[in-house]
Amino acid sequence: MLNEGNYGRICEALNSHPSPNERIAELLQKSIELKGLTFLEAGELLNTNDSGLQEEIINAAGRVKELIYGKRVVLFAPLYLSNECANNCLYCGFRKDNVSLARRTLSSEELIAEAQKIESMGHKRILLVCGEKPVQNGISYVVKAIRGIYEKTNIRRVNVNIAPLSTEDFRHLKEAGIGTYQSFQETYHREQYSFYHPCGTKADYNWRITSFERAIEAGIDDYGMGVLFGLYDYRFEVMALVCHAAELERNWGVGPHTVSVPRLKKAFGSAVFETGFQINDRQLMLTTAVLRLALPYTGIIMSTREPGFLRDRLLDIGVSQISAGSSTAPGGYSAGERGGTQFQLEDNRTLDEVVRDICRAGYLPSFCTACYRQERTGERFMALAKVGEIKKLCQPNALLTFREFLLDFASEETGLQGKRVLKRFLESSDVAAVRESLVKRLADIETGKRDIYY
Ligand code: SAM
Ligand code: SF4
């Protein structure tokens, strides 16, 4: 929950003059030392109009990302369980007043079929997503979905993006083995929030902004925040999100595991698109960079809402996890549809193509789920990230899971490209400490062993 004093300070900061160049240089130095930034400092960086300094901000973010995470890029796919919704968020194609949308909630068999389709591409992580109707009907539907996917597929981590729950319902998700619980505040600005969310449970700003407190209380210490950029001034949103993250860390001892940076897209049947607050590509790059500098240890997620060229560029700036080969329609994978119904997707490459492009850009694709399964979540994860240790696990685990992908799922072209990438990263200093055992484990994978991790 943002305290009132901080909320006021954020509003004031929007009207302040840009800070002098020396001050920006000082903040960049602080962030390169991985000290993070306060919400007001993040606002100062976003307030600078100097294009040279903006370039420095972007470059600094790339350095910070590499220091913490190395070159690995984690991949996942969303699985839409239902497009039935009791809310009426003006920007969303699933809103209840959109009578032109064919509504569908997947049965247990259908959702397993979807998960198997995702698995057959090579994914190991799924993000479950749904409208508010099935959640209102009881959390058992989502709980069964999580359990069913773990039981009937080789998917190794199920994350969830659904409406905020009570502490008791969060406990049920925890027991079912949820990975990260994600919820986006959409906009932190109270009046704008009321405008975009006119009715239903989502109209309650306070219920939404306190969701992570209930999730943590229920034992879910991997939580993912986000803002829907385009609903209000992006500088306000970044400051508010950084402030919210700091308050959660201070009060509950654990900061966000991830931050998502979705941008408002045209949705078929939505009620608004021209909000006057849409952000352009340059502003999205700066937003991502400042979030990376402010929250150096937090994963940043970019979805297929954005076009391939921009997603590739954002990897250099701070993004560490991306979805690929996605459908946003319930049943979309089984029906062979891409480009779904919730909003327009702009990256329609297959997972194989995305993997190949990640390799070409000099990064290492990762299907790792080790931290979650080794119970390196919440503070345990952050403690490793803060001393620069996490990449010593990320990189070897990325190499192991990428080898599996190349053997089991990759096209010939991706296989050739991938082998070169594996060789290069195997020689890198990041894996020096475990190289011998890593070579042995990679050989085990060649002989058919799977699911090996550090
Ligand atoms: N129904 C749940 C909720 O609203 O929290 C979770 C699922 S909702 C499908 C996931 C996210 O999609 C929302 O939090 C919102 O940020 C995003 N979204 C909705 N409409 C969008 C649009 N037109 N463009 C981009 N993202 C959108
Ligand atoms: Fe429903 Fe979520 Fe879409 Fe709002 S954003 S209409 S709650 S699915």
Side-chain angles (χ1 to χ4, degrees), residues 78-99 101 103-105 126-137 139 141-142 145 159-165 169 173 178 180-188 192-205 207-212 215 223-232 234 237 241 258-275 277-279 284 301-307 323 326-330 332 339-347:
L79 193 173
Y80 276 65
L81 294 172
S82 171
N83 58 13
E84 295 196 69
C85 195
N87 291 316
N88 213 10
C89 313
L90 299 188
Y91 45 79
C92 181
F94 290 177
R95 70 197 181 93
K96 74 176 168 60
D97 284 357
N98 181 11
V99 288
L101 183 76
R103 304 287 171 167
R104 182 171 180 194
T105 296
I126 278 182
L127 172 68
L128 291 184
V129 185
C130 68
E132 180 125 352
K133 202 66 170 286
V135 178
Q136 271 187 2
N137 291 342
I139 196 60
Y141 173 75
V142 180
N159 299 331
V160 177
N161 183 334
I162 58 170
L165 304 174
D169 281 348
L173 285 193
I178 184 185
T180 307
Y181 170 68
Q182 275 187 11
S183 170
F184 307 155
Q185 187 59 28
E186 319 296 15
T187 171
Y188 279 93
Q192 291 295 110
Y193 187 93
S194 301
F195 169 73
Y196 291 114
H197 308 102
C199 61
T201 44
K202 196 155 165 184
D204 188 343
Y205 178 103
W207 177 250
R208 196 164 182 92
I209 204 170
T210 51
S211 62
F212 300 128
Y223 63 90
M225 311 174 78
V227 159
L228 183 54
F229 286 97
L231 300 186
Y232 188 57
Y234 68 103
E237 305 291 17
L241 188 146
T258 56
V259 169
S260 298
V261 287
R263 234 182 345 178
L264 180 65
K265 293 287 160 181
K266 277 206 173 108
F268 183 68
S270 71
V272 289
F273 178 64
E274 297 301 332
T275 60
F277 292 110
Q278 277 100 339
I279 65 170
L284 181 63
I301 302 181
M302 174 53 64
S303 76
T304 52
R305 287 173 180 85
E306 300 301 337
S323 50
S326 306
S327 165
T328 64
T341 55
Q342 198 202 1
F343 41 75
Q344 259 174 20
L345 296 186
E346 295 196 24
D347 184 349

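Read the numbers this way: they start at 1 and go in the same order the structure lists the ligands and their atoms.
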Report task. Give yes if a backbone or side-chain nitrogen or oxygen of Cys130 is under 3.5 Å from a nitrogen or oxygen of ligand 1, and no if not. Result -> yes
- Query: Quick one: does Arg305 get an N or O within less than 3.5 Å of an N or O on ligand 1?
  - Reply: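 For ligand 1, there is an N or O atom that lies under 3.5 Å from one belonging to Arg305.
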The complete set of salt bridge (charged side-chain N to carboxylate O under 4.0 Å, His left out) pairs with one or both residues in residues 79-89, sequence neighbours excluded, reads none
Among [options], which one puts a heavy atom closest to [atom]?
{"atom": "atom 4 (O) of ligand 1", "options": "Arg95, Lys202, Lys265, Arg263", "value": "Lys202"}
{"atom": "atom 15 (C) of ligand 1", "options": "Glu132, Glu186, Arg208", "value": "Glu186"}
{"atom": "atom 2 (Fe) of ligand 2", "options": "Lys202, Lys133, Arg95", "value": "Lys202"}

Atom indices of ligand 2 within 4.0 angstrom of [X] heavy atoms, with elements:
{"X": "Cys92", "answer": "3 (Fe), 5 (S), 6 (S)"}
{"X": "Asn87", "answer": "7 (S)"}
{"X": "Gly131", "answer": "8 (S)"}
{"X": "Cys85", "answer": "1 (Fe), 6 (S), 7 (S), 8 (S)"}

Query - Derivation of the salt bridge (Lys or Arg N to Asp or Glu O under 4.0 Å) call for Glu306 and Lys265 - result: CA-CA 9 Å; Glu306 300 301 337; Lys265 293 287 160 181; 3.4 Å; yes
Does only the side chain of [X] get under 4.0 Å from ligand 1, or the backbone, or both, or neither? Count heavy atoms.
{"X": "Lys133", "answer": "neither"}
{"X": "Phe184", "answer": "side chain"}
{"X": "Cys92", "answer": "both"}

Please tell me whether Thr304 and Glu346 have a donor and an acceptor in their side chains that are separated by less than 3.5 angstrom. no
Report yes or no: do Thr258 and Gln182 form a side-chain donor-acceptor pair below 3.5 Å?
-> no
Exercise for the section: Mind checking the NZ-SG spacing from Lys202 to Cys89? Nearest 0.5 Å is all I need. Expected result: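 Taking NZ in Lys202 and SG in Cys89, the distance rounds to 3.5 Å.
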Taken to the nearest 0.5 Å, the spacing of Asn88 CG from Tyr196 OH works out to 14.5 Å
Note: ligand 1 atoms sitting under 4.0 Å from heavy atoms of Ala267 are 23 (N)
Ligand 1 to Val129, heavy atom cutoff 4.0 Å, flagged ligand atoms 7 (C), 9 (C)
Point to revise | Check: Tyr234 and Arg263 side chains under 4.5 Å, non-hydrogen atoms | key: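 Sidechains of Tyr234 and Arg263: no contact.
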Under 4.5 Å between any side-chain heavy atoms of Glu132 and Phe94, yes or no?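 Side chain of Glu132 against side chain of Phe94, heavy atoms only: no contact under 4.5 Å found.
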| Set of residues satisfying ring-ring contact (aromatic ring centres under 6.0 Å, His included) with respect to Tyr232, sequence neighbours excluded |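 Tyr232 satisfies ring-ring contact (aromatic ring centres under 6.0 Å, His included) with His189, Phe236, Phe277 once adjacent residues are dropped.
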Given the side-chain rings of Phe212 and Tyr223, with only the six-membered ring counted for Trp, is the space between their centroids under 6.0 Å?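 Yes - the distance between ring centres of Phe212 and Tyr223 falls below the 6.0 Å cut-off.
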| said: Report whether any nitrogen, oxygen or sulfur of Cys89 sits less than 2.8 Å from atom 1 (Fe) of ligand 2 (N, O or S, backbone or side chain). | reply: no
| So is Lys266 close enough to ligand 1, meaning a heavy atom under 4.0 angstrom away? | no
